[in-house]
Amino acid sequence: MGVNEDIKRFSINPEQNLELLLMTEVVGLESLHYGYFEDVPENIELADIRRAQLRYTTTLYDWIPKGVNSVLDVGCGIGDNARYLVSKGHTVTGISPDLNHIQYFSEKEENLEFVHSTIQDYNSEKRFDLVLMSESQNYFSMEDGFSKTIQHLNPGGHLLVSGHWTRSGKDEYEMMHWEDQYIEKASEYGLVLQRQQDITQNIIPTLGYIHHLLTHNLRGLVKFVDIYAHRFMPRRTALAKLFLGGQIGKADGIIDYFERFVNPENFAEHSSYSRLLFIQEAQ
Ligand SMILES: C[S@@+](CC[C@H](N)C(=O)[O-])C[C@H]1O[C@@H](n2cnc3c(N)ncnc32)[C@H](O)[C@@H]1O
């Protein structure tokens, strides 16, 4: 079944991304990335996901080359990777266009600056030793990502990408880049691949957990609200459905779309997750 374009636009709207809001406000996560599992407990709980998310950040940190001081964290989410980098002595500028993310940052934080912007609109005089894209590289075109990276990198700087890729172009993963094409395109911008690692199996357990929540808890909650509304506000609910019918259907479609996206078998078959470190070659 094709993913409705409308649903896609609605759910990943840069200024108010429902997918990300769902993770923090509904699932209750304190990070927006998937996490990194080494050993998988039999029954995964929220605390396991949080530990895995911290491990994601610490293992990502191992990829930062020696000598890197300043970092531009593109699509910084709610700032946990950025703060970890700051705790290790780096100065970080994080950018995110999502209005919901502003509240997670304060102007008082030392060595951490937040800029409410897309990468496309970001134009700074600052230059960085490393540009980080942690699960953000698919939100913009490769051309925008690479040209802005080059614009803001110190000579000989690095680009570190950690995130998912499509392997088949299937509907729910079609907005992702293909890893091979990404590496090839990077070389056109003078960014040479230094290191690459597939970590699909390390992130899959988180998908399983979110999939379970969506199929059981969230569907149940939506049903509960529907029954409650019909029972206690029958007239208003009927009217709302009459006027908002399309929008209500859209909400269902969004859950369907997320469900397919995070389905672990579907993901393993049509997608992958890896880390790539590039260095800007000398001009
Ligand atoms: C999945 S979250 C990842 C957050 C964080 N990097 C992490 O690893 O937890 C994707 C991030 O990319 C941001 N984003 C979306 N569109 C963007 C764009 N055009 N330019 C820069 N960031 C964007 C989102 O707002 C969000 O902060």
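Start at 1 and go down the list; that is how both ligands and their atoms are numbered. Because only heavy atoms are used, hydrogens play no part in the values below, and waters and symmetry mates are left out as well, while side chains stay in.
Closest to atom 2 (S) of ligand 1 among all protein heavy atoms lies Leu20 CD2, 3.8 Å. Nearest non-hydrogen protein atom to atom 27 (O) of ligand 1 is Gly77 N, 3.0 Å. For atom 18 (C) of ligand 1, the nearest non-hydrogen atom of the protein is Phe140 CD2, 3.6 Å. Of the protein's non-hydrogen atoms, Pro97 CD, 3.4 Å is the one closest to atom 23 (C) of ligand 1.
In this structure, Asp48 pairs ionically with Arg51, as a charged nitrogen and a carboxylate oxygen lie closer than 4.0 Å. Using a 4.0 Å cut-off between charged side-chain N and carboxylate O, Glu109 and Arg83 make a salt bridge.
Of the candidates Ala82, Ser31, Gly79, Ser134, Ser134 brings a heavy atom nearest to atom 3 (C) of ligand 1.
Only the side chain of Gln120 comes within 4.0 Å of ligand 1, counting heavy atoms alone; its backbone N, CA, C and O stay farther away. Proximity of Cys76 to ligand 1, defined as any heavy-atom pair under 4.0 Å, is confined to the backbone N, CA, C and O atoms.
A donor-acceptor pair shorter than 3.5 Å can be found between the side chains of Tyr56 and Ser162. Judged purely by distance below 3.5 Å, without hydrogens or angles, the side chains of Ser96 and His101 pair a donor atom with an acceptor atom. A donor atom on one side chain and an acceptor atom on the other are found under 3.5 Å apart for Gln151 and Asn123. Trp165 and Ser271 are not linked by any side-chain donor-acceptor pair at a separation below 3.5 angstrom, with hydrogens and angles left out of the test.
For ligand 1, the atoms sitting less than 4.0 Å from at least one non-hydrogen atom of Ile119 are 18 (C), 20 (N), 21 (C), numbered in the order shown with element in parentheses. Under a 4.0 Å criterion applied to the non-hydrogen atoms of Asn81, ligand 1 contributes the atoms 7 (C), 8 (O). Listed by number with element, the atoms of ligand 1 under 4.0 angstrom from any heavy atom of Leu32 are 1 (C), 4 (C), 9 (O). Remark: ligand 1 atoms within the under-4.0 Å shell around heavy atoms of His33 are 7 (C), 8 (O), 9 (O). Close contacts of ligand 1 with His101, meaning ligand atoms under 4.0 Å from a residue heavy atom, involve 25 (O), 26 (C), 27 (O).
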Side chain to side chain donor-acceptor pair (under 3.5 Å) for Tyr61 and His90? Distances and angles first, verdict last. CA-CA 11 Å; Tyr61 187 71; His90 300 272; 2.9 Å; yes
Run the ring pair (Phe, Tyr, Trp, His ring centres under 6.0 Å) check on Phe267 and Tyr173 step by step: do they pass? CA-CA 8 Å; Phe267 188 92; Tyr173 307 118; 5.8 Å; yes
Which is it for Asn266 and Glu269 under the side chain to side chain donor-acceptor pair (under 3.5 Å) test, yes or no, and what are the steps along the way? CA-CA 5 Å; Asn266 198 27; Glu269 193 180 340; over 6 Å; no
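Checked by distance only, ligand 1 and Ser136 stay at 3.5 Å or farther apart across all their nitrogen or oxygen atoms. For ligand 1, none of its N or O atoms has an N or O atom of Tyr56 under 3.5 Å away.
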